[in-house]
Peer 1: 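My structure is below; once you've seen it, I'll send some questions.
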Amino acid sequence: INLGEITADKMAIKHQRELAMPTIFEALVEIITNSDDAYEKLNNSLNYVGDVRIEYFRGGKKNPTILRVKDKACGMDFEEMKSKFMKYHKRTSTTSRGFFGRGLRDVTALGDVKVSSLKHGQFSEITMFKDLGVKSSAQNEKPTNNELKYIGAKKHGSAIEVRIPPGSKSQYNPYA
C-alpha cells in the first residue's frame with residue numbers, strides 16, 4: 001500500500017541543521033563552496049578559481065553579528081532561488097558536493113540568511129529565516145544602484161548575508 005512521502009517536522013529540521021552547523025566556520029565553508037560551484041558553472045570548468053569577498057562584523061549581546069560573502073559568479077534568478085531554497089532535502093547542485101540538498105538552508109541555524117543575486121542584470125532577493133520561513137523582496141527586477149553596490153557586481157553575482165542574533169552562542173560569534 002502506497003502511503004505517500006516521508007515528511008519531517010520543523011523540530012527535526014532545526015535539530016538536524018544545528019548538528020550540521022555547530023560553529024560559524026561550517027557556515028562559512030558552506031557559503032564559500034557554493035560560490036566555488038557557481039564559478040565552476042559560470043566558466044564551465046572544474047578548475048576555475050574566482051574571487052570571493054568575506055565581510056564580518058562582530059556583534060555581541062546587543063547587536064547582531066553580520067557575516068557576508070560576495071562573489072561575481074553566475075548568480076541566480078528568482079525561479080532558481082525559489083527552487084533551491086523552498087524545499088529541505090532537495091538536491092539542488094549538479095556538482096558532487098550537493099549530496100542532501102541542505103547546505104545553505106542549514107546555515108539558518110545561526111540566524112536569518114539573505115540571498116541577494118544578479119543574473120543577466122536582473123536582481124532577486126530571498127530571505128530564509130531562522131524559524132524556517134522564507135520571504136522574497138525582489139523577483140527579477142531592474143537593480144537599483146544601492147543593490148548593485150551591495151552585491152559588488154553589475155551583471156551577475158551574489159551576496160549571502162547571515163544575520164546572527166545578539167546574544168547567540170560564542171561559536172556563532174567568534175573574535176575575528
Peer 1: Is it true that, when you exclude Asn43 itself, more than 12 heavy atoms of the residues, nucleotides or ligands shown sit nearer than 6.0 Å to its CG?
Peer 2: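 Yes, the 6.0 Å shell around CG holds more than 12 heavy atoms from other groups.
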
Peer 1: What distance do Asp112 atom CG and Asp131 atom CG have between them, rounded to the nearest 0.5 Å?
Peer 2: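 The distance works out to 7.5 Å.
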
Peer 1: Does any non-hydrogen side-chain atom of Tyr172 lie less than 4.5 Å from one of Pro22?
Peer 2: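 Of all side-chain heavy-atom pairs linking Tyr172 with Pro22, none is under 4.5 Å.
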
Peer 1: Any side-chain heavy atom of Leu132 sitting closer than 4.5 Å to one from Lys14?
Peer 2: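 Side chain of Leu132 against side chain of Lys14, heavy atoms only: contact under 4.5 Å found.
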
Peer 1: Would you confirm whether Lys119, through its side chain, and Cys74, through its main-chain N or O, come within 3.5 Å as a donor-acceptor pair?
Peer 2: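 The answer is no, because no donor-acceptor pair under 3.5 Å joins these two groups.
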
Peer 1: Is the NZ or CZ atom of Lys135 both under 6.0 Å from the centre of the six-membered ring of Phe85 and within 45° of that ring's axis?
Peer 2: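 Here Lys135 fails the 6.0 Å and 45° test against Phe85.
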
Peer 1: Looking at Pro143 and Leu148, what are the two nearest heavy atoms and their distance?
Peer 2: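 Residues Pro143 and Leu148, closest heavy atoms: CG-CD2, 3.7 Å.
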
Peer 1: State, without any angle test, whether Glu80 and Ser83 hold a side-chain donor-acceptor pair at a distance under 3.5 Å.
Peer 2: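 Ser83 and Glu80 do not have a side-chain donor-acceptor pair below 3.5 Å.
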
Peer 1: Could you state whether Phe129 and Ile13 fall into the same hydrophobic cluster, counting links through intermediate Ile, Leu, Val, Met, Phe, Trp or Tyr residues with side-chain heavy atoms under 4.5 angstrom apart?
Peer 2: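 No, Phe129 does not connect to Ile13 through the hydrophobic network.
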
Peer 1: Among Asn173, Ile164, Val29, Val162, which one satisfies side chain to side chain contact (heavy atoms under 4.5 Å, CB included) with Ile24?
Peer 2: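 So the option named by the test is Ile164.
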
Peer 1: Got Lys155 and His120 here, is their nearest side-chain heavy-atom distance under 4.5 Å?
Peer 2: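 When only atoms from C-beta onward are counted, His120 and Lys155 do not touch, as no gap falls below 4.5 Å.
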
Peer 1: Step by step, would you call Lys114 with Met128 a side chain to side chain contact (heavy atoms under 4.5 Å, CB included)?
Peer 2: CA-CA 6 Å; Lys114 179 172 73 172; Met128 298 176 288; over 6 Å; no

Peer 1: Less than 4.5 Å apart, side chain to side chain, heavy atoms only: is that true for Val107 and Leu67?
Peer 2: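 Val107 does not reach Leu67 side chain to side chain.
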
Peer 1: I'd like to check Arg17 versus Thr108 (side-chain heavy atoms, cut-off strictly below 4.5 Å). Are they in contact?
Peer 2: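 Of all side-chain heavy-atom pairs linking Thr108 with Arg17, at least one is under 4.5 Å.
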
Peer 1: When clusters are formed by joining ILVMFWY residues with side-chain heavy atoms under 4.5 Å apart, either directly or through shared neighbours, do Val113 and Ile32 land in the same one?
Peer 2: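 Yes, it is one cluster - the side chains of Val113 and Ile32 are joined through contacts under 4.5 Å.
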
Peer 1: Using the rule given for side chain to side chain contact (heavy atoms under 4.5 Å, CB included), can you reason through Val134 versus Thr127, listing the C-alpha separation, both sets of side-chain angles and the distance that settles it, and then say yes or no?
Peer 2: CA-CA 6 Å; Val134 180; Thr127 303; over 6 Å; no

Peer 1: When you compare the side chain of Arg53 with that of Val69, does any pair of heavy atoms fall below 4.5 Å?
Peer 2: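 No, their side chains stay 4.5 Å or more apart.
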
Peer 1: Under 6.0 Å from the ring centre and within 45 degrees of the ring axis: does the NZ or CZ of Lys72 meet both conditions for the six-membered ring of Tyr39?
Peer 2: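 Geometry flag: not set, cation outside 6.0 Å or 45°.
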
Peer 1: Start with the C-alpha distance between Leu19 and Gln16, add both sets of side-chain angles, then the distance that settles side chain to side chain contact (heavy atoms under 4.5 Å, CB included), and finish with yes or no.
Peer 2: CA-CA 5 Å; Leu19 289 174; Gln16 194 173 31; 5.7 Å; no

Peer 1: Would you mind reporting whether Phe123 and Ser117 have side-chain heavy atoms less than 4.5 Å apart?
Peer 2: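 Not in contact.
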
Peer 1: Which pair of heavy atoms, one from Lys70 and one from Ile151, lies closest together, and at what distance?
Peer 2: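 The answer is CD-O, 3.6 Å.
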
Peer 1: Measure the CG-NE2 distance between Leu118 and His156 for me, rounded to the nearest 0.5 Å.
Peer 2: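 Going from the CG atom of Leu118 to the NE2 atom of His156 covers 9.5 Å.
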
Peer 1: Using a 4.5 Å cut-off on heavy atoms from C-beta on, say whether the side chain of Pro166 contacts that of Pro64.
Peer 2: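 The answer is yes; the side chains approach within 4.5 Å.
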
Peer 1: With rounding to the nearest 0.5 angstrom, report the CD1 to CE distance, Ile126 to Met81.
Peer 2: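 Separation between the atoms: 4.5 Å.
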
Peer 1: Could you tell me the separation between the CZ atom of Phe25 and the CD atom of Gln171, rounded to the nearest 0.5 Å?
Peer 2: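 Between Phe25 CZ and Gln171 CD, I get 10.0 Å after rounding to 0.5 Å.
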
Peer 1: Applying side-chain hydrogen bond (donor to acceptor under 3.5 Å, both in side chains), can you list everything that pairs with Glu147, at least two apart in sequence or on another chain?
Peer 2: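 Applying side-chain hydrogen bond (donor to acceptor under 3.5 Å, both in side chains) to Glu147 gives Thr144.
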
Peer 1: Just by distance, with hydrogens left out, do Glu125 and Ser137 show a side-chain donor and acceptor under 3.5 Å apart?
Peer 2: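 Distance-only check passes for Glu125 and Ser137.
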
Peer 1: Honestly, is Arg58 close enough over Tyr175, meaning NZ or CZ under 6.0 Å from the six-membered ring centre and within 45° of the axis?
Peer 2: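 Checked: cation-pi criterion met.
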
Peer 1: In Å and rounded to the nearest 0.5 Å, what is the NZ to CG distance from Lys41 to Asp36?
Peer 2: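 Here the rounded value is 14.0 Å.
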
Peer 1: Under a 4.5 Å side-chain heavy-atom rule over Ile, Leu, Val, Met, Phe, Trp and Tyr, are Val52 and Met76 clustered together?
Peer 2: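 Linked within one cluster.
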
Peer 1: Please report the interatomic distance CG(Leu28) to CG(Leu110), rounded to the nearest 0.5 Å.
Peer 2: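 Here the interatomic distance stands at 10.5 Å.
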
Peer 1: Is the backbone of Gly157 close enough, under 3.5 Å, to the side chain of Asp71 for a donor and an acceptor to pair up by distance?
Peer 2: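 No, the answer is negative, given that no donor and acceptor are paired below the 3.5 Å cut-off.
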
Peer 1: Is it the case that one hydrophobic cluster holds both Ile31 and Met21, taking links as side-chain heavy atoms less than 4.5 Å apart, direct or via other members?
Peer 2: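 They do share one cluster, since a chain of ILVMFWY contacts under 4.5 Å joins Ile31 to Met21.
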
Peer 1: Could you walk me through whether Phe57 and Arg68 satisfy the side chain to side chain contact (heavy atoms under 4.5 Å, CB included) test, starting with their C-alpha distance in whole Å, then the side-chain angles of each, then the deciding distance to 0.1 Å, before giving a yes or no?
Peer 2: CA-CA 9 Å; Phe57 305 96; Arg68 194 176 299 131; 3.7 Å; yes

Peer 1: For Asn140 and Ser124, which I'm curious about, is there any donor-acceptor pair between the side chains at under 3.5 Å?
Peer 2: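 Yes, side-chain donor-acceptor contact under 3.5 Å.
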
